[in-house]
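As structure tokens, the structure follows; a few thoughts come after it.
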Amino acid sequence: MELNGFERLSELEWHLPATDAMRVPVIIYADEALMRDMNDKVREQAVNVAKLPGIVQASYAMPDAHWDYGFPIGGVAAFDPEEGGVISAGGVGFDISCGVRCLHTGLKTQDISRVKEQLADTLFQRIPAGVGSTGAICLDSREMDEMLAGGASWAVQNGFGETADLERIEEGGKMTGADPAQVSQQAKKRQRDEMGTLGSGNHYLEVQRVVEIYDQRIAMGYGLTQDDVVISIHCGSRGLGHQIGTEFLREMAIAAASLNILLPDRELACAPIGSPIARRYLGAMRAAINCALANRQILTHLVRQIFSQLIPQARLPLLYDVSHNTCKVEQHEINGRKRKLHVHRKGATRAFGPGHPDLPPALRATGQPVLIGGSMGTASYILAGTERGMQLAFGSACHGAGRAMSRHQATRLWHGRDIINQLARRDILIRSPSCRGVAEEAPGAYKDVSAVIEVADRAGLAHKVAKLVPLICIKG
DNA sequence: ATGTGC
């Protein structure tokens with residue numbers, strides 16, 4: 001990326017002052033190497049977002065940012081309804097409420113060594129993964145609406161998991177304001193038999209090992225110790241979220257054209273907060289959040305069933321579940337004034353600091369667990385939200401390593417089979433229905449997750465707590 | 001991300 005024009009406010013904070021039609025500056029959190037390696041399109045897209053009506057404070061990009069449809073992935077933008085703020089489907093992305101949840105197991109690495117291969121094979125056999133994967137559950141139209149209104153809470157009521165899980169999920173497992181009536185029949189049809197499935201792309205289910213603790217006090221608060229085995233699930237709202245994103249992007253673009261709204265980029269189609277289309281989108285998007293929460297809850301139940309058969313002494317309570325593709329109404333203090341903002345996070349993890357009222361009592365003293373999945377075969381990290389982070393980007397942090405090249409480029413450089421063999425030599429068991437999918441997700445196709453995490457930690461977006469490395473990865 | 005797409 002061209003760095004000309006940026007003011008370097010600190011080592012890790014790059015500031016592009018508001019010029020021309022920009023209403024606010026762009027702020028990117030990154031080190032110089034990450035900045036240089038970012039495509040110019042990230043800058044262009046973040047600048048375009050800064051031009052949208054009612055944007056507050058800045059158009060932010062996290063250290064894992066890369067360009068995407070309209071808004072960059074790793075982008076955070078908040079809008080104030082009292083200043084003509086907007087909602088944009090592109091600011092959330094296609095995989096609505098894609099996120100990560102992490103489960104404890106109560107086990108140490110050696111407890112699973114004897115059954116590791118069997119565990120990998122059983123997880124792969126029983127957890128539906130890949131493009132178009134379907135599960136054992138088929139929802140009729142009434143059940144679909146209940147699921148879309150109830151999220152993980154609906155899943156627990158229907159026998160998937162435990163009530164204790166709910167307080168460890170954003171929104172208590174149930175996003176309020178979801179309106180199943182705003183979800184198209186086509187979106188519901190696509191989702192009918194996709195509950196409890198992983199999907200494809202960067203989604204995965206990993207059995208991981210805690211290899212490093214950076215903050216003993218917070219790690220203790222999270223119930224994490226060295227050499228613990230944990231399970232991370234990364235997936236979203238599958239076909240339903242994708243369909244909603246597609247439909248509303250199209251509809252918002254058409255509406256903008258007919259209303260003569262000048263967009264800096266057609267892909268930034270948006271609508272004023274409070275307008276009928278924005279309200280319908282929010283209702284549908286919140287239903288998709290519930291779909292993703294229910295999906296991860298059902299997957300959790302499947303994992304627990306498998307563990308109870310293979311390692312009966314294992315107990316799998318939920319550490320936390322957090323999304324990184326959402327638009328949420330949140331209260332933030334700007335220049336001493338409390339304002340209700342519509343915060344878009346696209347490939348950015350919510351990272352609320354200590355004392356935040358939305359956190360459950362057990363996590364309020366430490367700050368919210370910020371679950372960050374790395375690329376396949378590298379490392380994942382658990383961070384904690386900080387008070388400082390609440391001021392830096394509305395309580396947000398990065399969401400992963402971030403792609404360094406396109407999927408197409410990756411398939412020209414690597415073969416999936418080679419990647420699987422290389423990782424097997426490091427005792428990382430990959431199971432996937434798609435060799436091509438594995439090639440697209442080759443570790444080399446991503447930025448260095450550790451460099452991204454160092455920036456997030458040192459910039460103060462979130463605070464490093466633990467590092468996890470994969471033992472088994474079920475890849476979509 | 002996705003009932004993937006040149």
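Values below: all heavy atoms of this structure, side chains included; hydrogens, waters and symmetry mates excluded. Keep in mind the model is a prediction, meaning the values are calculated, not measured.
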Value in whole Å for how far the P atom of B:dG5 lies from CZ of A:R436:
10 Å

Length of the line joining A:N295:CG and B:dT2:P, which is rounded to integer Å:
10 Å

Have a look at A:G93 and say if it touches a base, only the backbone sugar-phosphate, or nothing, with a 4.0 Å heavy-atom cut-off.
nothing

ring-ring contact (aromatic ring centres under 6.0 Å, His included) against A:H342, all qualifying residues, sequence neighbours excluded
none

Less than 6.0 angstrom separating the ring centers of A:H234 and A:H399, yes or no?
no

Take the protein atom OH of A:Y69 and the nucleotide atom P of B:dT2, then report the distance between them rounded to whole Å.
18 Å

How long is the line joining CZ of A:R412 and P of B:dG5, in whole Å?
18 Å

Using a heavy-atom cut-off of under 4.0 Å over every strand shown, decide if A:G199 touches base, sugar-phosphate, or nothing.
sugar-phosphate

Using a 4.0 Å heavy-atom cut-off across all strands, classify A:T246 as base, sugar-phosphate, or nothing.
nothing

Pairing donors with acceptors under 3.5 angstrom, does anything connect the side chains of A:Q297 and A:R101?
yes

With a non-hydrogen cut-off below 4.0 angstrom, is A:Q186 in contact with a base, only sugar-phosphate, or nothing?
base

Measure CD/A:E441 against C1'/B:dT2 and give the value in whole Å, please.
14 Å

What is the nucleic acid contact for A:H408, judged by heavy atoms within less than 4.0 Å: base, sugar-phosphate only, or nothing?
nothing

Taking the six-membered ring of A:Y446 as reference, does the cationic atom of A:R403 (NZ for Lys, CZ for Arg) lie under 6.0 Å from its centre and within 45° of its axis?
yes

Take atom CD of A:Q191 and atom C1' of B:dT2, then tell me their distance rounded to the nearest Å.
12 Å

A:R238 atom CZ is separated from B:dT2 atom P, nearest whole Å, by 5 Å

For A:F248 and B:dT2, what is the distance between atoms CZ and C1' respectively, to the nearest whole Å?
18 Å

